[in-house]
Every structure is written in structure tokens, then in C-alpha cells.
Amino acid sequence: MADIAGKPVGSGHARIPLLGFGTAVFPFTASETMKESILHAIKLGYRHIDAAALYNSEPPVGEAIAEALGLGLIKSRAELFITSKLWCTDAHPDLVLPALRRTLKNLRLEYLDMYLIHFPVSLKPGSCEVPFEEKDLLPLDFKSVWEAMEECQSLGLSKLIGVSNFSCKKLQDLLVTAKISPAVNQVEMNPLWQQKKLREFCNGKGIHVTAYSPLGGRGTLWGTNRVLDCQVLQEIAQAKGKTVAQICLRWALEQDVSILVKSFNKERIEENLEILDWKLSPEESQKIDDIEQQRGFLAPMFVSEHGPYKSLEDFWDGEL
């Protein structure tokens with residue numbers, strides 16, 4: 001079983017495992033395959049499981065945790081680090097706590113380790129799904145929604161709270177009134193979108209960065225093979241006797257972030273763990289550092305002339 005190191009996050013004694021298991025797969029439906037994959041991942045040593053209300057992955061994550069305990073794969077729930085996310089329809093001050101209670105019921109848990117605001121935008125209250133109508137887009141009340149998130153932590157329903165898909169500017173806006181700083185900002189990050197500016201900002205504010213889509217988001221609505229087809233990465237992989245995926249994951253690990261990998265293929269779940277006992281050379285790291293940068297996930301669904309963000313520049317505050 002793999003021994004995955006952890007990194008301290010937040011102001012307490014919590015540690016986030018540096019390699020985690022993601023559950024986002026489109027279309028967003030729960031499945032027996034998902035549950036079995038999560039169970040297999042736990043068996044191999046994964047301890048961070050990332051879910052979200054939007055993904056409909058909370059029930060299978062809960063089932064897998066219960067089975068892992070029953071099978072003795074883990075001795076207690078405390079061995080796991082479970083993350084879930086507040087969807088935009090519940091990103092309203094009075095809906096945050098009820099949403100978290102639903103999440104905990106779905107997961108069959110008494111608390112989360114991390115609860116994140118999924119996007120810096122709200123939607124008209126309603127069903128948790130995509131696509132949604134442009135007319136339902138609403139500005140996020142950063143101050144009041146974050147206060148509700150802080151209450152979730154104060155009540156012990158989530159040990160830590162954080163955000164996802166927040167730019168430097170949006171983090172700065174949040175920090176102006178926050179009593180508890182976000183412990184994590186979960187964002188797209190891979191060799192073709194390295195997030196250097198955001199990582200530097202977060203590091204200066206004590207906010208840990210978790211990388212999603214470290215292989216380019218293949219299998220998502222927006223993902224492509226750009227990362228896995230990158231010639232620089234392919235050459236490094238060939239020279240090192242590794243897969244391109246392993247080069248991407250090892251690179252991310254060496255950037256002092258935690259990573260989420262998603263695969264329901266048992267061989268790949270194991271392969272993704274085989275990045276812990278070797279390093280990239282300084283020359284290889286420099287080659288990756290020099291790759292031309294382009295954001296993969298643009299989130300155009302949140303941009304509308306009638307909504308809070310009129311352009312992609314506006315949504316990402318120029319971080320494109």
C-alpha cells in the first residue's frame with residue numbers, strides 16, 4: 001500500500017494528502033463503477049477523496065467509505081480526508097448550512113475535512129445541475145456567503161473551509177472581510193497551465209493550492225489531449241521510462257501543491273501512485289517551466305451580458 005505524504009493546511013493540525021482521488025466524470029451521475037473505483041483507491045493507499053454536490057458523487061463516496069471500514073481497509077473515518085463543494089444554487093447565506101447538511105447525509109458522515117465554494121458565482125436557488133440558464137446567474141455575496149462557510153467550520157461540520165476557481169483578485173476581495181482565511185484554493189493546474197502567479201499569491205497568504213485536471217481534463221466537457229500530446233512532456237517521459245501522465249503528476253508534486261487524479265481504470269489508479277520515489281532533473285523541470293501557457297477550463301457558462309461577469313477576462317480577472 002502506498003504511503004502518501006501530507007502537507008499542513010489551515011491554522012490547526014490538519015494535513016492534506018498530496019495525492020488525492022477525484023470523482024468528477026461527465027455526465028454527472030453516480031455509478032457502481034465509481035464506488036468500486038473509490039474503494040480500490042482506498043485499498044491502494046489513497047486517503048483524500050474529492051467529491052461535490054454537482055458531481056452526484058457524494059452517495060458512492062459514502063458507500064465506499066462504509067465498505068472500506070467494514071472490510072478493514074481503514075480502521076476509522078479519521079484516516080480519510082474528505083472534500084466536497086457547495087454548488088452555485090446554494091451559494092446564498094441562508095442555504096450554505098442546509099447544503100452542507102445534505103452533503104453530510106449523502107456521505108453518511110458527521111463532518112467534512114474540507115468544504116469549498118465551487119465557483120465565485122451564485123445561481124438562482126434550485127436544482128444542482130448543468131447546464132443552467134443565463135438568466136439564473138447572480139453575483140456571489142462574498143462576505144455573507146463566506147460568513148456562512150465560517151459558521152460551518154465553527155459548528156464542526158467541516159474542519160476546514162476553502163474555495164475553488166478563485167483568481168488572485170477574488171481571493172483578495174474575500175480576505176478583506178474573512179475572519180477565517182480559506183485553507184485551500186482548488187484550481188486547474190498542469191504543465192500547460194502552471195498557475196505561477198496564483199500559486200505565488202496563495203503562498204504569500206498561507207492558502208494551499210490543490211490542482212485539479214493535472215492531465216488536462218480529458219473526459220470532461222472541456223478537456224482535451226493537449227497536455228498528454230505535448231511533445232516536450234512526451235520526450236521527457238520517453239527518456240525517463242515513464243508515462244506522460246506520471247511526468248505531469250510528478251511535476252505537480254514538485255510544485256508543493258496537492259493533486260487530484262481521476263480514473264476509474266484500476267491499472268491507471270495504480271500507475272498514478274508510481275510517482276512517489278523518483279524526481280525530475282533540474283533540466284527536465286526547466287523544459288516544463290518553459291512550455292507555452294494556456295488555460296484549459298475557461299468556464300464560458302458563467303459569462304453573460306446579463307450576468308455578474310460580462311467576459312472571460314472579467315471572470316478570471318485577466319488570469320488567462
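Every value quoted in this text rests on a predicted model; they were computed, and no experiment measured them. Residues take their numbers from the sequence shown, with the count starting at 1.
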(message) With a 3.5 Å distance limit and no angle check, can you tell me whether Glu188 reaches the backbone of Trp193 through a side-chain donor-acceptor pair?
(response) no

(request) Measure the acute angle between the ring planes of Tyr55 and His118, then classify it against the limits of 30° and 60° as parallel, tilted or perpendicular. (result) perpendicular

(request) Begin from the C-alpha positions of Phe302 and Cys88 and carry the test side chain to side chain contact (heavy atoms under 4.5 Å, CB included) through to its verdict. (result) CA-CA 10 Å; Phe302 294 119; Cys88 306; 4.1 Å; yes

(request) Specify the closest pair of heavy atoms between Tyr111 and Lys159, including all atoms of both residues, with the distance to one decimal. (result) CE1-CE, 3.5 Å

(message) So, taking the atom named CZ in Arg102 and the one named CG in Leu107, what distance separates them when rounded to the nearest 0.5 Å?
(response) 12.5 Å

(request) State whether a side-chain donor-acceptor pair under 3.5 Å links Ser122 with His92. (result) no

(message) For the residue pair Lys262 and Phe264, would you count it as a cation-pi contact if the rule is NZ or CZ under 6.0 angstrom from the ring centre and within 45 degrees of the ring axis?
(response) yes

(request) Would you name the heavy atoms of Leu320 and Glu313 that are closest together and state the gap between them? (result) CD1-OE2, 3.6 Å

(request) Give a yes or no on whether a salt bridge exists between Lys7 and Asp256, defined as a side-chain N under 4.0 angstrom from a carboxylate O. (result) yes

(request) For the residue pair Ser258 and His208, establish whether any side-chain heavy-atom pair is separated by less than 4.5 Å. (result) yes

(message) So Val303 and Asp314, do their side chains get closer than 4.5 Å, heavy atoms only?
(response) no

(request) Identify the heavy atoms of Asn272 and Ser263 that sit nearest to each other, and give their distance. (result) ND2-CB, 4.4 Å

(message) When you measure from the side chain of Gln293 to the backbone of Pro191, do you find a donor-acceptor pair of N or O atoms at a distance under 3.5 Å?
(response) yes

(request) Scan side-chain atoms only and decide if Gln231 and Glu235 contain a donor-acceptor pair under the 3.5 Å cut-off. (result) yes

(request) Rounded to the nearest 0.5 Å, what's the gap from NZ on Lys205 to CG on Asn185? Could you check? (result) 13.5 Å

(request) Side-chain contact test, heavy atoms from C-beta onward, threshold under 4.5 Å: evaluate it for Lys170 versus Asp317 and give yes or no. (result) yes

(request) May I ask you to say whether Arg250 pairs ionically with Glu254, meaning some side-chain N is under 4.0 Å from a carboxylate O? (result) yes

(request) Could you tell me whether the side chain of Glu274 reaches within less than 4.5 Å of the side chain of Lys242, counting heavy atoms only? (result) no

(message) Lys135 vs His306, test: side chain to side chain contact (heavy atoms under 4.5 Å, CB included). Steps then yes/no.
(response) CA-CA 7 Å; Lys135 65 180 179 63; His306 305 297; over 6 Å; no

(request) State, without any angle test, whether Glu58 and Thr103 hold a side-chain donor-acceptor pair at a distance under 3.5 Å. (result) yes

(message) Between the side chains of Glu147 and Lys143, is the shortest nitrogen-to-carboxylate-oxygen separation below 4.0 Å, so that they form an ion pair?
(response) yes

(message) Looking at Ser167, is its backbone amide N or carbonyl O close enough to the side chain of Trp316 to form a donor-acceptor pair, meaning the two atoms are under 3.5 Å apart?
(response) no

(message) Show the nearest heavy-atom pair for residues Ala51 and Val61, with the distance to one decimal.
(response) CB-CG2, 4.2 Å

(message) So does Leu104 get a backbone contact from the side chain of Arg101, meaning a donor-acceptor N/O pair under 3.5 Å?
(response) no

(request) Show your reasoning for whether salt bridge (charged side-chain N to carboxylate O under 4.0 Å, His left out) applies to Arg77 and Asp113. (result) CA-CA 11 Å; Arg77 178 264 179 268; Asp113 295 279; 2.8 Å; yes

(message) I'd like to know if the side chain of Trp146 and the backbone of Ile180 have a donor-acceptor N/O pair within less than 3.5 Å.
(response) yes

(request) Return the minimal non-hydrogen interatomic distance between Leu174 and Val163, and the atom names on each side. (result) CD2-CG1, 3.8 Å

(message) Between Ile42 and Ile38, is the side chain to side chain contact (heavy atoms under 4.5 Å, CB included) condition met? List the steps.
(response) CA-CA 6 Å; Ile42 292 172; Ile38 297 164; 4.2 Å; yes

(request) Would you mind checking if Glu32 and Lys35 are paired as a salt bridge, meaning a charged N to carboxylate O distance below 4.0 Å? (result) yes

(message) Can you tell whether the side chains of Lys196 and Asp289 come within less than 4.0 Å, N to carboxylate O?
(response) yes

(request) Please confirm whether the backbone N or O of Leu116 pairs with a side-chain atom of Ser164, one donor and one acceptor, at under 3.5 Å? (result) no

(request) For residues Leu273 and Ile4, determine if any side-chain heavy atom of one lies less than 4.5 Å from a side-chain heavy atom of the other. (result) yes

(request) Look at the side chain of Thr89 and the backbone N and O of Leu123, then say whether any donor-acceptor pair between them is shorter than 3.5 Å. (result) no

(message) Measuring only between side-chain heavy atoms, which start at C-beta, is Ile16 closer than 4.5 Å to Thr83?
(response) no

(message) Could you check whether any side-chain N or O of Lys310 sits under 3.5 Å from a backbone N or O of Glu305, counting only pairs where one atom can act as donor and the other as acceptor?
(response) yes

(message) For Asn190 versus Pro214, what's the shortest heavy-atom pair and its separation?
(response) CB-O, 3.2 Å

(message) Using a 3.5 Å distance criterion without hydrogens, assess whether the side chain of Glu319 forms a donor-acceptor pair with backbone atoms of Leu198.
(response) no

(request) Return yes if some donor-acceptor pair links the side-chain N/O of Gln255 with the main-chain N/O of Trp251 below 3.5 Å, else return no. (result) yes

(message) Quick test of your reading of the model: are Glu284 and Lys240 salt-bridged, counting only N-O distances below 4.0 Å?
(response) yes

(request) Evaluate the criterion side chain to side chain contact (heavy atoms under 4.5 Å, CB included) for residue pair Asp50 and Gln186; output intermediate values, then yes/no. (result) CA-CA 11 Å; Asp50 180 81; Gln186 187 185 120; 3.0 Å; yes

(request) Flag yes if more than 12 heavy atoms outside Gln238 fall under 6.0 Å of its CD atom; otherwise flag no. (result) no

(message) Using 30° and 60° as the class boundaries, would you call the ring planes of Phe119 and Phe315 parallel, tilted or perpendicular?
(response) tilted

(request) Please say whether more than 12 non-hydrogen atoms of neighbouring residues, nucleotides or ligands are located less than 6.0 Å from CG in Asp290. (result) yes

